[in-house]
Amino acid sequence: MTAPPPPTDDQSAPPTGKKRDRTHWLYIAVIIAVIGGVVVGLLFPEFGKDVGILGTLFVNLIKMMIAPVIFCTIVLGIGSVRKAATVGKVGGLAFVYFLVMSTIALAIGLVVGNLIKPGEGLNISSMSGKGAELAEKAHEAGGTWDFIQGIIPETMISALTGGSVLQALFVALLVGFAVQAMGKTGEPILVAVTYFQKLVFKVLTMVLWVAPIGAFGAIASVVGQTGWAAVQQLLTLMLAFYITCIIFVFGVLGVILRTSAGVSIFKLARYLAREYLLIVATSSSESALPRLIAKMEHLGVEKTTVGVVVPTGYSFNLDGTAIYLTMASIFIADAMGDPLSIGEQVGLLAFMIIASKGAAGVSGAGLATLAGGLQAHRPEMLDGVGLIVGIDRFMSEARALTNFSGNAVATLLVGSWTHTIDSQRVDDVLSGRLPFDESDMVDDTPIETPKTLAAAH
């Protein structure tokens with residue numbers, strides 16, 4: 001009777017191992033490329049400036065993915081809200097909470113970015129001529145009415161091919177609400193968009209494999225222009241981002257969890273330790289999604305609540321990504337010697353609240369959203385995304401861990417507010433009296449994963 005579980009466990013292990021290995025090699029390649037770029041920039045500054053075109057080419061590849069990523073995530077995001085709302089109070093509370101916490105996370109990113117000003121002093125005029133070209137186009141666009149007129153595309157399809165982020169966002173919102181209004185008739189369309197998004201994310205994953213080349217070119221160019229100062233500034237941004245994420249999880253989320261649900265964030269983090277390790281290995285919070293569902297149910301949260309909050313949270317509750325987007329935007333603007341005004345920062349924050357939904361699936365989606373925000377608000381800054389490419393992989397762990405923690409906390413909070421949680425069981429599990437059984441996870445995974453992964457995407 002004890003023989004069957006081990007084979008099942010073994011069967012599920014290889015895919016995880018493969019995924020970890022692929023990510024591991026890409027991670028190593030990026031680290032080597034960053035170090036190589038620093039060395040080349042310091043020893044051969046002129047050559048370093050010349051290879052900056054490699055960073056620009058990588059940014060162009062990411063830029064190519066912006067419109068389809070935003071279109072798919074917004075359409076599917078609105079679709080998931082419709083599904084969540086049918087569950088009533090749980091879905092409504094979850095959505096409001098996600099919106100509030102995402103906004104708070106974005107605001108914290110803006111505050112920290114303005115306080116430390118990590119890119120100040122670099123004054124990199126441009127990574128290449130591309131940014132200047134985009135800026136020229138932006139100035140030629142005209143005034144406010146021209147800007148508003150530019151939001152409406154010539155055709156629905158041209159919104160996805162014309163390179164305008166605002167047009168893609170506008171059409172995505174229209175399509176999303178239209179599908180929502182169609183009810184059951186619109187479900188096949190959501191399925192089709194889901195498959196299209198899988199294709200888009202697959203292409204995005206392929207693009208990420210040339211990230212080491214882009215990172216090498218971008219870092220070599222920056223260091224070639226500014227010397228050791230660039231390395232110090234990038235390290236400052238990374239350190240500030242990690243510290244901000246830690247404060248957000250154990251400070252902001254921890255206080256809310258303790259006051260609202262009476263649960264210790266430290267005990268919850270210890271309970272989810274294996275999932276944290278899995279996320280670090282894969283650089284994606286999605287890898288631990290099925291395990292989070294199983295563990296939240298074991299913790300004492302009702303199955304319906306978990307089924308609504310966790311998948312919806314993976315599309316709408318991306319606290320780590322929100323902090324990253326705002327801090328990275330401020331860093332790029334400061335580094336290129338043209339800081340964002342408060343008005344531009346608020347506009348960028350509003351854009352990110354909408355456009356960041358669904359960026360948890362693939363780490364490159366966060367990079368695409370960052371590029372999209374800059375293209376919509378300050379086109380001349382788009383080439384500066386190359387600055388972030390080199391350290392994006394290092395920041396993705398903190399981003400994914402924060403997203404994951406935010407969704408775990410959200411599940412407990414919504415369960416507590418809707419009285420769909422067994423408080424005594426929570427205490428027993430977190431104190432170690434009722435340990436999690438891995439065989440339960442194996443049994444539950446086939447049932448939950450397809451639904452949740454579809455919703456998360």
Side-chain angles (χ1 to χ4, degrees), residues 80 84 87-105 245-279 285-286 288-322 360 400-437 440-441 444 448 451-452 455-456:
S80 71
V87 186
K89 192 176 179 183
V90 173
L93 266 175
F95 179 63
V96 171
Y97 171 78
F98 295 155
L99 202 59
V100 170
M101 289 312 296
S102 292
T103 307
I104 290 172
C245 285
I246 291 169
I247 291 172
F248 181 80
V249 172
F250 293 99
V252 178
L253 293 179
V255 169
I256 295 172
L257 185 62
R258 169 60 77 180
T259 53
S260 295
V263 176
S264 165
I265 188 70
F266 297 101
K267 286 184 177 180
L268 180 63
R270 187 176 62 188
Y271 174 62
L272 298 172
R274 283 195 180 188
E275 287 65 47
Y276 285 135
L277 288 173
L278 181 61
I279 291 167
S285 57
E286 188 190 49
L289 188 148
R291 293 184 63 90
L292 178 60
I293 288 172
K295 282 207 161 181
M296 287 295 105
E297 289 176 4
H298 174 74
L299 193 56
V301 185
E302 281 185 16
K303 206 177 185 75
T304 307
T305 301
V306 175
V308 170
V309 178
V310 175
T312 311
Y314 263 68
S315 284
F316 282 87
N317 191 36
L318 309 175
D319 302 327
T321 303
L401 289 169
T402 306
N403 289 340
F404 181 80
S405 301
N407 286 314
V409 169
T411 307
L412 285 172
L413 288 174
V414 174
S416 177
W417 293 334
T418 56
H419 307 292
T420 53
I421 188 172
D422 185 340
S423 301
Q424 183 56 53
R425 185 175 175 88
V426 171
D427 187 53
D428 289 340
V429 171
L430 294 183
S431 62
R433 291 191 292 273
L434 276 176
F436 180 72
D437 187 350
D440 291 343
M441 168 63 206
D444 285 345
E448 299 292 346
K451 268 193 241 170
T452 52

Does a side-chain heavy-atom distance below 4.5 Å link [X] with [Y]?
X: Tyr276; Y: Arg270; answer: no
X: Leu292; Y: Glu275; answer: no
X: Phe404; Y: Leu272; answer: yes
X: Leu430; Y: Leu299; answer: yes
X: Val306; Y: Lys303; answer: no
X: Tyr97; Y: Val409; answer: yes
X: Met101; Y: Phe248; answer: yes
X: Glu297; Y: Glu302; answer: no

Kindly say whether [Y] contributes a backbone atom to a donor-acceptor pair with the side chain of [X] at under 3.5 angstrom?
X: Ser431; Y: Asp428; value: yes
X: Ser416; Y: Leu412; value: no
X: Asn407; Y: Asn403; value: yes

Atom of Val414, atom of Ala94 and distance for their closest heavy-atom approach: CG2-CA, 4.0 Å
Parallel, tilted or perpendicular: which one describes the rings of His298 and Phe436, with boundaries at 30° and 60°? perpendicular
Tell me every residue that passes side-chain hydrogen bond (donor to acceptor under 3.5 Å, both in side chains) with Thr305, counting only those two or more places apart in sequence or in another chain. Thr420
Option passing side-chain contact (heavy atoms from CB on, under 4.5 Å) with Cys245 (candidates Leu401, Asp319, Thr402): Thr402
